[in-house]
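Inspection log for the structure reproduced underneath, given as structure tokens.
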Amino acid sequence: MNAPADLVKVVSTAPDEVMGYRAYTLGSFSFRRDEYFAHISWNTRDGRPLSHTMDIGNFLRALMRDCAWGFFYGGVNFDAVFGTFNHYKSVDMYAGSYNGTMKAAGVDLLENFPTEQIKATFEAMLDDWTNAGFDPFAAPQETGTPYGRKNGNSHAAITRARELATRCVGLKGDLNLRTDERGAPVNRAFADVPQDHPELYPEPGFENEVHAFNLFAFLSRSQVTWNPSFTSVVKYSYMCPTTEEHILPILHANDRVEWFFQMCDEIHWDCADKNTGKPLARVIMKAGDMAAMPAYCRHQGYSPKRSMLLVWENGSPNLVYEIQKGESPEVPVQF
Ligand code: PHB
Ligand code: FE
């Protein structure tokens, strides 16, 4: 059994006297932040010191998702250099290992950690480095600045809990999606989304078992961006709709095929080889389009205006091993 998170030691320094932020160490990697940047340092495979710099807003948006999604499916690249790869009981953290040029030069480093250990370190860093007024899940136009010296905290925004349903949402005793009562206002970009509810005529006696809700109305009130929610779960088929604005803060390298259904507006995707980062495709998705991302690619989306996207995942815990053994394909269809 993994140790509970609060028993896992997080290695950090005292707050910096000028900037106010703590620095963190995980394995051979160290992390510090200043007013504008996250700085990551490590010793390369052949023993030379190397560092990498990321805009702190981009770093925190990626870190937020890696923490909230429990390291997600497969690879979460914060950018072309740094990221994590989920093995579901342990997590690889790397710099340069999925960057063809750095790998060829031998300046990459990958280390594996028990999930609880990397989780505790990432959560502590996210908490210490996220200032009051900055919400890493919010669209850039809807939140304050990530920059500057240490200024309070943003606990409420970074510890948002998922709303959990125990049966079909909206049914008696479960989540109330009659959205006005939830106090979630319609987003400015979705002012034209109808807020009516489906008409329901269950047979007498089935009123508590049959239900439907307006998914577009539900999504129009989402407070967050690039954060898929499990809205229906049928065996391992997970329908995960989400609202997107600006840039997906990670380059996702899935360990399985994943489907996208663009429900309104548009998203532009950059797809690349997941091992090297070599560009593979541009995918421009407009309302009504569907696409499948093969398991060998990494992908990052750009949504010029807040849009609705349905992410369809096969959540089978065996799939990744079936693909490794060649029993399941890396592509959705073979022509
Ligand atoms: C993805 O990596 O496929 C992904 C992640 C978050 C989203 C949408 C897509 O909101
Ligand atoms: Fe993905």
Side-chain angles (χ1 to χ4, degrees), residues 58 60-80 82-86 88 98 135-140 142 160 162 187 189-190 215 218-232 236-275 277 280-287 289-316 319-320 323 330-332:
N58 294 346
L60 292 173
R61 280 186 277 265
L63 186 63
M64 176 77 256
R65 284 155 183 86
D66 219 8
C67 289
W69 302 344
F71 303 99
F72 210 29
Y73 296 102
V76 171
N77 298 282
F78 285 37
D79 65 1
F82 179 78
T84 60
F85 195 95
N86 198 354
Y88 304 103
Y98 294 90
D135 178 354
F137 264 132
E142 298 186 341
R160 270 191 190 91
R162 284 186 185 277
N187 185 272
F190 293 139
L215 179 64
F218 171 63
L219 286 175
S220 72
R221 295 165 186 268
S222 168
Q223 310 292 296
V224 297
T225 59
W226 304 105
N227 189 34
S229 55
F230 295 77
T231 297
S232 85
Y236 292 132
S237 168
Y238 301 162
M239 294 288 184
C240 306
T242 155
T243 53
E244 321 296 44
E245 182 173 331
H246 192 235
I247 306 173
L248 172 58
I250 62 154
L251 294 77
H252 183 216
N254 212 339
D255 55 16
R256 62 200 67 207
V257 177
E258 157 186 37
W259 290 81
F260 294 149
F261 169 37
Q262 189 68 40
M263 296 199 289
C264 73
D265 300 287
E266 64 184 71
I267 297 181
H268 306 174
W269 291 92
D270 279 341
C271 306
D273 180 277
K274 81 172 173 191
N275 291 315
L280 283 179
R282 281 278 288 169
V283 181
I284 311 295
M285 296 190 68
K286 303 209 171 161
D289 286 347
M290 290 200 74
M293 294 289 149
Y296 56 72
C297 86
R298 69 171 68 154
H299 43 267
Q300 184 170 40
Y302 297 76
S303 187
K305 173 183 173 294
R306 204 177 189 89
S307 71
M308 296 183 185
L309 175 73
L310 185 83
V311 180
W312 184 23
E313 288 277 0
N314 181 337
S316 166
L319 188 54
V320 49
I323 290 176
E330 280 193 310
V331 292

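The structure displayed is predicted, hence computed values, not measured ones. Nothing fancy with the numbering, it's 1 onward along the sequence. Counting starts at 1 for both ligands and their atoms, following the listed order.
Using a 4.5 Å heavy-atom threshold, the side chains of Met293 and Val311 count as separate. Within the 4.5 Å cutoff, no side-chain heavy atoms of Val76 are placed close to those of Arg65. For the pair Thr225 and Glu142, the minimum side-chain heavy-atom distance is 4.5 Å or more.
The backbone N or O of Phe82 sits less than 3.5 Å from a side-chain atom of Asp79, completing a donor-acceptor pair. When atom types are taken as modelled, the side chain of Trp226 and the backbone of Glu245 share a donor-acceptor pair closer than 3.5 angstrom.
Between Ala295 and Lys274 the shortest heavy-atom distance is O-NZ, 2.7 Å.
Here the heavy atom of the protein found nearest to atom 8 (C) of ligand 1 is Glu244 OE2, 3.1 Å. In this structure, atom 1 (C) of ligand 1 lies nearest to the protein heavy atom Glu258 OE2, 3.5 Å.
A search for side chain to side chain contact (heavy atoms under 4.5 Å, CB included) contacts involving Leu251 returns Asn77, Arg298, Gln300, not counting sequence neighbours. With sequence neighbours excluded, the residues forming a side chain to side chain contact (heavy atoms under 4.5 Å, CB included) with Val320 are Tyr88, Asp255, Arg256, Gln324, listed by chain and number. In this view, Lys286 satisfies the salt bridge (Lys or Arg N to Asp or Glu O under 4.0 Å) rule with no residue, not counting sequence neighbours.
Of all the heavy atoms of Leu248, the ones lying under 4.0 Å from any atom of ligand 1 belong exclusively to the side chain.
Polar contact with ligand 1: absent for Trp269 (N/O pair, distance under 3.5 Å). In terms of polar-atom proximity, defined here as any N/O pair under 3.5 Å, Trp69 makes no such contact with ligand 1.
Of all the atoms in ligand 1, the ones that sit under 4.0 Å from a non-hydrogen atom of Val311 are 8 (C), 9 (C). Under a 4.0 Å criterion applied to the non-hydrogen atoms of Asn227, ligand 1 contributes the atoms 10 (O). Heavy-atom proximity to Pro228, at under 4.0 Å, picks out these atoms of ligand 1: 6 (C), 7 (C), 10 (O). With ligand atoms numbered from 1 in the order given, ligand 1 contributes 1 (C), 2 (O), 3 (O) to contacts under 4.0 Å with heavy atoms of His252.
Between Asn314 and the options Tyr236, Tyr238, Tyr73, Trp259, a side chain to side chain contact (heavy atoms under 4.5 Å, CB included) holds for only Tyr236.
Between Arg65 and ligand 1 there is no heavy-atom distance shorter than 4.0 Å.
Taken from CG in Asn187 to CZ in Arg306, the straight-line distance is 3.5 Å, to the nearest 0.5 Å.
Inspection of the environment of the Fe ion (ligand 2) yields the following protein N, O or S atoms under 2.8 Å: His252 ND1, Glu258 OE1, Glu258 OE2, His299 NE2.
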